[in-house]
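Numbering of ligands and ligand atoms starts at 1, following listing order. Numbers here are sequence positions counted from 1.
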Amino acid sequence: MIANKTLKLSLKSLREFAKKRLTDEVLIDLDARDECPLEIVRHMCSPDKLGIQLLFIPEEFGGMGGGTFDVYCVCEEMARIDLGVATAVLATFLGSDPITVGATPQQKKLWLTRIAEEGLLFAYGATEPEAGSDLGALRTTAEPVSQDGRTIGYKITGNKQWISNGGVADAYTILASTPTGPSWFVVEKGAKGFTHDEPEDKHGIRLSNTAALALDNVYVDADRLLGRVEGQGLIQAQLVFGYTRLMVAAFGLGAGWAALDRAIPYSTKRIQAGAPLSEKQGYTHKLIVPNVARLEAARSYIEETAERIDAGEGSLNTEGAIAKYMATEAGNLAADASIQALGGYGYTHEYMVEKIKRDVRITTIYEGTSEIMEMTIARDRWQLHLKTRGQHYHEQAQNFEKLHASQPKVGADCAALALHALAEIMEKARVARLTRFQHILLRLGELIAYAECAGSLARRAALLADNKLNEKANRRFDANALAAISRIFAREAALKVGEEGVRWIIGAGGVSNTDLSAFETTLRLPAIHQAQAGLISDMDYVADVLYNRVAKRADQAA
Ligand SMILES: Cc1cc2nc3c(=O)[nH]c(=O)nc-3n(C[C@H](O)[C@H](O)[C@H](O)COP(=O)(O)OP(=O)(O)OC[C@H]3O[C@@H](n4cnc5c(N)ncnc54)[C@H](O)[C@@H]3O)c2cc1C
């Protein structure tokens, strides 16, 4: 892990570099020309320049040995600058993940040292024209080449689709099926039979090169098979999902905040009906504050998950999925609201929010779509529900009731209501066998993500109030503000779980008319409704914090 001071210095140099080299004018121009600024990307990855890659390479291979939390911070900062450049730079990270988790010590030394010392750009080649969400449908093959009864190499044949850095990388990790199953191989650019297409003409992240790859009997030596054991590819891919999904979660978070950080100052200057837009509650409470609450709930989940991965709790794939789902969906909503917040100006290229919106759109698609995240979340937590005989979320809720007793301001009571309601909805779905409907299963995934994020934010608001947050944790908001944000989000989560949960259960025929009122009682819907009390004044307070007018309001009140 990197020392906090070093991390903060790296983030500062990144910001300063972007301020000079990636100004709005440059970004707008590159976006219009659909061009990846390769020289800038190489500068960022070069060890004697910005050296971002060094952050995630272990120290023994010449890097700085950054942990998951460090990577989240860098990804958020990169996304605030430009998501296309972030994708180009971080593709090396993704591309080298199969090496980090699956390679032999010699392979790690070779490739990770080269990334650290030469600033090698990598690409990650998993997706194929026919194999997107379902990687099991992989068609690329790696046929063993034998000599004297020994495998000396492989011939790889197939096509890869939508590969970030596809046209510019120096080396590629390619997933291909060997006779004993999918496996990762390293293929270097220029290998005979290895070509790439022209870059795709994309909706967003136009500063990132995305290209299809074609492999026609590309020969690689046996030592290019990562781990030197065939058939481990999907397991190796799974091992890093928690981690890589956190990176994309941080992309959604950074891009969402980048958009809001343009809308907020804009609204202080834009006068309509005799006053700045920032003074208008119907504006701030629709377009700004709810997006802040959702982004901060997602941040909280990202930070907790990163801390747990760094503490050695394993790859936490489900938590990575929740973080990605919430942060990328929230980032999209925030960017869309920011266009609205700038009115007609928001709809033009010059004001950047429309570019951010186009860019952030990719985050709910790559590294696993939102629907695949919903499925991953629901399937895992469903097992937990069954294993604990329906008690898992009730027990979680009880923990938040305890937290509420000691910290009554952090929204833990509302988070508890969301979690109790979730437990009842899952139980009803079990009794009526509703997960046979895929839509119900996936909607459960969404409700689970909301309820868990409400809990996470309440926990972090409490830690901040006790001055016990990790020193690297984001501190944009003080304890009072984070508590108010947590209360706003927990109310939204409880209402969503209760109301939408009942909707899907009724919609799937899971409860009869005669049983409906009893079911609603178990969901504690009246308490969830009651808990909305105070919502407007919390939103007023958060708007005052965002617009630096808390002191002014206090003066006025006095
Ligand atoms: C700009 C860009 C960069 C990318 N970079 C890379 C990269 O570097 N390396 C790489 O390997 N890949 C990369 N990808 C690929 C990306 O990960 C895939 O596009 C993504 O996983 C989805 O696969 P697909 O496009 O085939 O869509 P599909 O899997 O066909 O999905 C289409 C839609 O159907 C939904 N869907 C799919 N399966 C189900 C199901 N079982 N139940 C319900 N709904 C379902 C999906 O959620 C989605 O909404 C990139 C893609 C883009 C666009």
Side-chain angles (χ1 to χ4, degrees), residues 31 34 36 41 79 82-98 121-140 158-176 182 184-185 187 196-215 233-234 236-238 240-241 244-245 247-248 251-252 255 320-321 324-325 328-329 332 358-379 435-446:
D31 178 70
D34 199 8
C36 170
V41 172
D82 179 87
L83 209 43
V85 175
T87 300
V89 170
L90 274 303
T92 293
F93 197 0
L94 195 61
S96 59
D97 268 335
L121 290 188
F122 256 82
Y124 177 84
T127 307
E128 299 190 359
E130 315 290 333
S133 301
D134 177 16
L135 275 185
L138 198 75
R139 295 211 178 149
T140 299
N159 294 287
K160 295 288 170 185
Q161 186 76 15
W162 317 121
I163 305 305
S164 302
N165 285 354
V168 298
D170 304 304
Y172 299 72
T173 37
I174 298 285
L175 188 64
W184 287 101
F185 293 88
V187 180
H196 61 80
D197 276 359
E198 288 298 303
E200 304 287 350
D201 181 5
K202 305 191 296 293
H203 172 68
I205 59 165
R206 289 163 70 84
L207 278 73
S208 151
N209 173 295
T210 313
L213 310 176
L215 299 104
L234 293 184
Q236 289 161 351
Q238 283 287 336
V240 293
F241 270 154
T244 56
R245 285 173 178 164
M247 290 165 55
V248 181
F251 282 0
K324 179 182 189 285
Y325 178 68
T328 61
E329 292 286 338
N332 269 275
R358 281 187 288 111
D359 288 348
V360 74
R361 193 65 193 78
I362 189 59
T363 60
T364 63
I365 298 174
Y366 65 11
E367 212 35 36
T369 66
S370 278
E371 294 69 38
I372 299 302
M373 296 304 100
E374 288 169 350
M375 201 184 307
T376 305
I377 297 162
R379 280 185 178 157
T435 53
R436 66 185 189 277
F437 299 107
Q438 196 207 24
H439 186 56
I440 299 295
L441 185 70
L442 268 60
R443 298 308 3 108
L444 283 179
E446 182 186 20

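- Between the side chain of D170 and the main chain of L121, a donor-acceptor pair closer than 3.5 Å is present.
- When hydrogens are left out, the protein atom nearest atom 19 (O) of ligand 1 is W162 CD1, 3.8 Å; that is the closest non-hydrogen contact.
- Looking at T376 and R379, their side chains never bring a donor and an acceptor atom within 3.5 Å of each other.
- Of the protein's heavy atoms, at least one falls inside 4.0 Å of atom 9 (N) of ligand 1.
- When P129, G84, G132, A91 are checked for heavy-atom proximity to atom 26 (O) of ligand 1, G132 turns out nearest.
- Near Y124, meaning under 4.0 Å from any of its heavy atoms, are these atoms of ligand 1: 7 (C), 8 (O), 9 (N), 10 (C), 11 (O).
- Counting protein heavy atoms under 4.0 angstrom from atom 34 (O) of ligand 1 gives zero.
- Taking every non-hydrogen atom of T369 and a distance limit under 4.0 Å, the qualifying atoms of ligand 1 come out as 22 (C), 46 (C), 47 (O).
- For atom 6 (C) of ligand 1, the protein comes within 4.0 Å by at least one heavy atom.
- A centroid separation of 6.0 Å or more is found between the aromatic rings of Y172 and W184.
- For N165 (side chain) and A91 (main-chain N/O), no donor-acceptor pair under 3.5 Å exists by modelled atom type.
- The OG1 atom of T87 sits 7.5 Å away from atom CD1 of I362, with the distance rounded to the nearest 0.5 Å.
- For atom 43 (C) of ligand 1, the closest non-hydrogen atom on the protein side is Q438 NE2, 3.5 Å.
- Summarising the contacts of atom 53 (C) of ligand 1 with I362, T364, V248, the nearest heavy atom is found in I362.
- Atom 20 (C) of ligand 1 has I365 O, 3.6 Å as its closest protein atom, hydrogens excluded (heavy atom only).
- Residue E128 forms a side chain to side chain contact (heavy atoms under 4.5 Å, CB included) with just one option from L175, N159, L138, and that option is L138.
- Remark: minimum distance from atom 49 (O) of ligand 1 to any protein heavy atom is reached at E371 OE1, 3.3 Å.
- Backbone and side-chain nitrogen or oxygen atoms of Y366 are examined, and none is located within less than 3.5 angstrom of a nitrogen or oxygen of ligand 1.
- Close approach of ligand 1 to I205 is summarised as follows: ligand atoms under 4.0 Å from at least one heavy atom of the residue are 1 (C).
- Salt-bridge annotation for D31 and R358: present, with a side-chain N of the basic residue lying under 4.0 Å from a carboxylate O of the acidic one.
- Close to ligand 1: M375, with a non-hydrogen atom less than 4.0 angstrom away.
- Put simply, no part of E200 is less than 4.0 Å from ligand 1, judged by heavy atoms.
- Checked by atom type and distance alone, the side chain of T364 never pairs as donor or acceptor with a backbone atom of S370 at under 3.5 Å.
- Of the candidates K202, E200, Q161, K202 is the only one forming a side chain to side chain donor-acceptor pair (under 3.5 Å) with T210.
- Judged purely by atom type and a 3.5 angstrom limit, N209 uses its side chain to pair as donor or acceptor with the backbone of G167.
- The N/O atoms of S164, backbone and side chain alike, include one that comes under 3.5 Å of an N/O atom in ligand 1.
- The backbone N or O of A126 lies less than 3.5 Å from a partner atom in the side chain of K160, making a donor-acceptor pair.
- The atoms of ligand 1 that sit less than 4.0 Å from any heavy atom of E367 are 17 (O).
- In this structure, A211 and P199 approach most closely via the heavy-atom pair CB-CA, 4.5 Å.
- Of the polar atoms of K202, none of the N or O atoms is found under 3.5 Å from an N or O of ligand 1, judged by distance alone.
- Atom 36 (N) of ligand 1 has as its closest protein heavy atom S133 OG, 4.5 Å.
- Considering backbone and side-chain N/O atoms, I372 never comes within less than 3.5 Å of an N/O atom of ligand 1.
- Proximity annotation for atom 16 (C) of ligand 1: of T127, L135, L442, T127 comes nearest, heavy atoms only.
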